[in-house]
Every structure is written in structure tokens, then in C-alpha cells.
2 protein chains.
Amino acid sequence: MKLSTRGEYGLRAMFDLAQHYGEGPIPIKSVAERQDISEHYLEQLIAVLRKAGLVKSIRGAQGGYVLSREPEEITVGDIIRVLEGPIAPVECLNTAEGESCERAETCVTRGIWEKVRDSISDVLDSFTLADMVAKANQMRQDSKYYMYYI
Amino acid sequence: MKLSTRGEYGLRAMFDLAQHYGEGPIPIKSVAERQDISEHYLEQLIAVLRKAGLVKSIRGAQGGYVLSREPEEITVGDIIRVLEGPIAPVECLNTAEGESCERAETCVTRGIWEKVRDSISDVLDSFTLADMVAKANQMRQDSKYYMYYI
DNA sequence: ATTATTACCTAGAAAACTAGTGGGGATTGG
DNA sequence: CCAATCCCCACTAGTTTTCTAGGTAATAAT
């Protein structure tokens with residue numbers, strides 16, 4: 001029961017772009033370095049995000065990527081669904097209702113997978129990039145105070 | 001974002017055993033046929049379930065498998081965790097808190113994966129095999145009535 | 001005792017997927 | 001022009017998944 005690193009890396013990259021939102025285009029190289037991800041691999045992931053309309057690219061020197069919407073308007077679910085495909089714990093959830101899944105009558109399991117899927121979706125859709133940035137800032141603040149105590 | 005078929009097949013097989021609970025040992029062959037799963041492959045899955053103590057085996061002719069606890073006392077989560085390993089959408093959740101995950105401070109994403117994991121766990125742990133059998137019986141009942149209407 | 005039926009075990013093989021790498025081309029600011 | 005940057009296609013090594021092959025061991029029925 002695992003995501004591939006695609007979703008993980010992609011989310012970290014998008015979070016990085018959100019942290020630098022408003023600073024103009026951010027080159028992929030700097031994102032890859034900060035997030036410790038293979039630059040070339042990340043390039044492929046961000047291409048998918050671009051085709052899905054979540055980021056815009058600016059080519060040429062001083063180019064890079066920017067979020068195409070406000071961080072408040074991009075949820076974690078948006079990103080994960082693009083990179084990992086539809087959230088479907090088992091294959092039969094990707095087929096239209098009642099179709100192709102024989103033994104549908106006995107297929108009580110399907111109902112369970114639907115509930116799993118929905119609960120994952122709910123969690124993923126409940127966080128925006130802006131939430132993540134806020135949380136990171138708060139953590140930085142906390143650790144600053146922590147330093148004082150030592 | 002997908003389970004492998006191991007969890008899916010294993011759950012279907014356990015559900016099948018639950019439907020025949022009380023009828024003595026059920027041979028794997030009949031389970032595989034009813035559930036349309038490769039017999040030999042299912043054998044390997046059920047071996048894992050046996051080692052985990054979820055089913056008991058009776059060898060020899062007229063042998064087979066039986067649930068080692070009441071259907072009320074086996075949850076879907078029990079089965080999935082055995083077959084799919086710990087529920088951890090990303091690898092870093094498998095490591096002890098704060099350890100090994102560098103950039104932990106920036107690692108706001110971890111908190112999100114924790115929430116995803118917990119919500120999956122909650123759903124999986126909220127269903128027992130007995131619930132599934134009851135649901136299947138109810139569906140059968142419904143479709144009987146449906147027949148009358150036609 | 002023999003036989004048929006069952007569980008149990010090990011070793012793989014084919015296919016799919018993951019996480020990259022390699023090597024270039026196209027665009028644009030300075 | 002040229003360096004920085006995005007963009008694209010192909011390939012690969014490794015892993016995982018799903019399944020097959022080919023047995024051995026135990027036991028109930030005869």
C-alpha cells in the first residue's frame with residue numbers, strides 16, 4: 001500500500017515552488033538541489049504537472065517554473081492524482097459502475113475499496129500548498145524558540 | 001496509488017472462507033475456483049495468512065483451511081496488513097519518528113502522509129469478515145426481491 | 001496397504017513498473 | 001553570440017508482481 005516516489009517527489013517540488021511563490025520563475029535545478037531529487041528525473045515529473053496545468057514554465061535564461069494558480073488553490077490531491085493516476089486501491093474501481101466486474105453481486109469487497117478511496121481523497125483534498133507553507137513557517141518559528149531554550 | 005492484487009485476492013479468499021465458516025475445512029481449490037484466482041498463486045498468499053495466524057490448515061484428504069478466529073474478530077485491516085505490509089503511503093513513515101528522514105524540519109509532507117495512513121487504517125479496521133458476509137447476504141436478498149418485480 | 005486428495009515448499013519466468021541516465025534540441029535574457 | 005534554462009525521446013538496471021513448474025508430505029477413504 002504505497003505511493004511511488006513520483007507523488008512524493010512531485011509534492012515536495014510543488015511545495016518548494018509554493019515556498020518561493022511570488023519570487024518569479026524558479027529553475028528546476030534549484031528545486032532539485034533543495035529537495036535532494038535527481039534533477040533529470042524531476043524534470044520529467046514536472047513536465048507532467050505542466051501538461052496538467054498545475055505549473056507554468058518560462059523558457060530561456062532566468063526562466064523556470066511558477067505555480068499556475070495561487071498556493072491556496074492547489075490541493076495535495078490535485079498533485080497526487082496527476083502524478084499517480086486516479087486514486088483506486090484496486091483496479092475494478094477504475095471501470096464504470098457495474099461494468100466489467102463480474103461477480104459484482106458477490107463483490108462486497110468493492111464497497112470497501114470505495115470507502116478507502118474516498119477517505120484518501122478527502123484527506124488529500126483537505127490540504128493546500130498554502131497550508132503546507134504555513135505549517136513549515138510555523139515549524140521554523142517553533143524551532144527558533146527551541147534554540148533559545150538551549 | 002494502488003494495492004497489489006495480493007491484498008485483493010487475499011481478502012476475497014478470506015471472505016470466501018468466512019461465507020463457509022462452520023462447514024469444516026474448505027480446500028483452496030474450491031476457493032480459487034469460486035473467486036477466479038490462480039490456485040497455485042492463491043496457495044502462496046494463504047501460506048502467508050497461515051503464518052500470520054489468520055487461518056488454520058488441515059492436511060490430507062478432506063482437508064483445507066478454516067479461519068482461526070470468528071469472522072467477527074477478523075478485520076479487513078488484519079488481512080491487508082499481512083499481505084501488503086505496513087500501510088505506509090511513503091517510505092519514511094516506516095522509519096522511527098524523527099530518525100533517518102533528514103530535512104525533517106522542512107518535511108511537512110510527512111504529516112500529510114501520516115493522516116492518509118491513519119484514514120486508510122481506520123476504514124480497513126472498521127470492517128470485519130462478518131460484516132462482509134452480512135452485506136453479501138443482504139445483497140442476495142435484495143436481488144431476489146428485484147427478480148419478483150420483473 | 002494403496003490411492004486419491006489435500007496441504008506445503010522451492011525455484012524460477014514473464015511482464016510490468018520504478019527510478020533513473022544519456023544525449024541531445026529549442027528558447028531567451030544578458 | 002552564449003550561457004542558462006526548458007523540452008523531448010530513448011534506453012537501462014533493478015525491483016516487484018503475478019503466476020507456473022515440479023515436486024514432497026500428510027491423511028482420509030477404500
What is the distance, rounded to the nearest whole Å, between atom [atom1] of [X] and atom [atom2] of [N]?
X	N	atom1	atom2	answer
E39(A)	dC8(D)	CD	C1'	15 Å
K56(A)	dC7(D)	NZ	P	13 Å
E33(A)	dA4(D)	CD	P	13 Å
Y65(A)	dA4(D)	OH	P	17 Å
R59(A)	dG25(C)	CZ	P	14 Å
I37(A)	dT21(C)	CD1	C1'	16 Å
L49(B)	dC8(C)	CG	P	12 Å
R6(B)	dC19(D)	CZ	P	12 Å

From [options], pick the nucleotide closest to the side chain of [X]?
X	options	answer
Q44(B)	dA3(D), dT27(C), dC19(D)	dC19(D)
P27(B)	dT6(C), dG22(D), dA19(C)	dT6(C)
K51(A)	dT18(D), dT27(D), dC8(D)	dC8(D)
S57(A)	dC7(D), dA10(D), dA25(D)	dC7(D)
T5(B)	dT18(D), dA19(C), dG20(C)	dT18(D)
Y9(B)	dC19(D), dT18(D), dA3(D)	dC19(D)
H40(A)	dT20(D), dG23(C), dA29(D)	dG23(C)
S4(A)	dT18(C), dT27(C), dA26(D)	dT18(C)
Y41(A)	dC9(C), dC6(D), dT21(C)	dT21(C)

side-chain N/O R50(A) vs dC8(D) OP1/OP2, d < 4.0 Å: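 The answer is yes; a side-chain N or O of R50(A) sits under 4.0 Å from OP1 or OP2.
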Is the side chain of S68(A) donor-acceptor paired with the backbone N or O of G53(A) at a distance under 3.5 Å, no angle test?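 Checking the backbone N and O of G53(A) against the side chain of S68(A), a donor-acceptor pair under 3.5 Å is found.
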Please check: side-chain N/O of N137(B) versus main-chain N/O of A134(B), any donor-acceptor pairing under 3.5 Å?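 A pair under 3.5 Å: no.
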Looking across every strand, which nucleic acid part, if any, lies under 4.0 Å from I46(A) by heavy atom: base, sugar-phosphate, or nothing?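 I46(A): no heavy atom of the nucleic acid under 4.0 Å.
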Nearest-nucleotide wise, let me know which of S38(A) and K29(B) is further upstream toward the 5' end of DNA chain C.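 Result of the comparison: K29(B).
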Is L49(B) reachable from V66(B) through a run of hydrophobic residues whose side-chain heavy atoms are each under 4.5 Å from the next?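 Cluster IDs for V66(B) and L49(B) differ.
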Between L17(A) and Y65(A), what is the shortest heavy-atom contact and its length?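 That would be CD2-O, 3.8 Å.
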What about E43(B), does its side chain sit under 3.5 Å from the base of dC9(C) through a donor-acceptor pair?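 Per atom types, the contact qualifies.
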So, are R81(B) and D125(B) salt-bridged, with charged N and O less than 4.0 Å apart?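 Answer for the salt bridge query: yes.
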Applying salt bridge (charged side-chain N to carboxylate O under 4.0 Å, His left out) to D122(B) and K115(A), what does each step give before you reach the verdict? CA-CA 10 Å; D122(B) 286 351; K115(A) 292 224 167 64; over 6 Å; no
